[in-house]
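Reckoned from all heavy atoms, side chains included, excluding hydrogens, waters and symmetry mates. Not measured: the values here are computed from a predicted model. All ligand and atom numbering here is 1-based and tracks the order in the structure.
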Amino acid sequence: MQQTFYDAVGGAETFHKLTARFYEEVAKDEVVRPLYPEADLGPAERRMRMFLEQYWGGPHTYSEERGHPRLRMRHNPFVIGPIERDAWLRCMHVAIASIDEKTLSPVHRKQLIDYMEMAAASMVNSAI
Ligand code: HEM
């Protein structure tokens, strides 16, 4: 069987690191942080981690707990314009950059960045 992206980049440990670093940035970000309804970012971090693990070929815990991702619909309550998208992407770029070269090869890094840029663009629901 072909190895999944999830396995190729170090599995659970890498996705843990990625989402932990991402939410560390979100916590400090003046644009993105206020969008989160809860004081504790822990549950949001866990949902994001489960989603990404599932998307990249890891365990399907996200859908077992939450059903179909329907991410665009789940983001409808939040106004996401170009400013929010760029702030979100900045946090994600920092998180991806924090994963070392040995774990995340240049090819896999590009795949991850391309996906995040595409996904963030598709989440935009406001012109401003
Ligand atoms: C949930 C913001 C893009 C994946 C959320 C939440 C906010 C948010 C405020 C709610 C968290 C909560 O209820 O505690 C944003 C902003 C984005 C963005 C401002 C800018 C583009 C993305 C992208 C992805 C993503 C590109 C995936 C690659 C998720 C997931 C959840 C979530 C998986 C949890 C959904 C669930 O409730 O199961 N996001 N998000 N988000 N976001 Fe985003």
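With a 4.5 Å cut-off on side-chain heavy atoms, Met123 and Leu71 count as touching. Under the 4.5 Å side-chain criterion, counting only non-hydrogen atoms from C-beta, Phe78 is not in contact with Asn125.
Applying the ring pair (Phe, Tyr, Trp, His ring centres under 6.0 Å) definition to pairs two or more places apart or across chains, those involving residues 83-128 are Phe5-His108, Phe22-Trp88, Tyr55-Tyr115, Trp56-Tyr115.
The protein heavy atom nearest to atom 19 (C) of ligand 1 is Leu35 CD1, 3.4 Å.
Ligand-side atoms of ligand 1 in range of Ala119: 26 (C), 28 (C), range being under 4.0 angstrom from any heavy atom.
What you find for Tyr62 and Pro69 is that their closest heavy atoms are CE2-CA, 3.6 Å.
Nearest to atom 37 (O) of ligand 1 by heavy-atom distance, out of Arg49, Arg85, Arg66, is Arg66. The option with the heavy atom closest to atom 11 (C) of ligand 1, from among Tyr36, Tyr62, Phe51, is Tyr36. Among Arg47, Glu38, Glu65, Glu84, the residue whose heavy atom sits closest to atom 12 (C) of ligand 1 is Arg47.
Among protein atoms, those of element N, O or S found less than 2.8 Å away from atom 43 (Fe) of ligand 1 are His75 NE2.
The proximity of Tyr115 to ligand 1, defined as any non-hydrogen pair under 4.0 Å, is limited to the side chain. Proximity of Ile80 to ligand 1, defined as any heavy-atom pair under 4.0 Å, is confined to the side chain (atoms from C-beta onward).
A distance-only check finds a donor-acceptor pair linking the side chain of Arg109 to the backbone of Ile96 [under 3.5 Å].
Cluster partners of Val31, using a side-chain heavy-atom cutoff of under 4.5 Å among ILVMFWY residues and allowing indirect links, are Ile83.
In this structure, CG on Leu112 lies 6.0 Å from CG on Leu18, to the nearest 0.5 angstrom.
Residue Tyr55 places every heavy atom at 4.0 Å or more from ligand 1.
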Distance-only criterion, 3.5 Å: show the donor-acceptor pairs between side-chain atoms of residues 40-49 and protein atoms not counting sequence neighbours.
{"residue": "Asp40", "atom": "OD1", "partner": "Gly42", "partner atom": "N", "Å": "2.8"}
{"residue": "Arg46", "atom": "NH1", "partner": "Glu65", "partner atom": "OE1", "Å": "3.1"}
{"residue": "Arg46", "atom": "NH2", "partner": "Glu65", "partner atom": "OE2", "Å": "2.7"}

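Neither Val107 nor Ile113 shares a network with the other; the hydrophobic side chains, linked directly or stepwise wherever heavy atoms of I, L, V, M, F, W or Y lie under 4.5 Å apart, form separate groups for each.
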| said: Let's go through Lys28 and Glu24 carefully: what are the C-alpha distance in whole Å and the side-chain angles of both, what is the deciding distance for salt bridge (charged side-chain N to carboxylate O under 4.0 Å, His left out) to 0.1 Å, and is it a yes or a no? | reply: CA-CA 7 Å; Lys28 295 185 289 191; Glu24 230 179 83; 5.2 Å; no
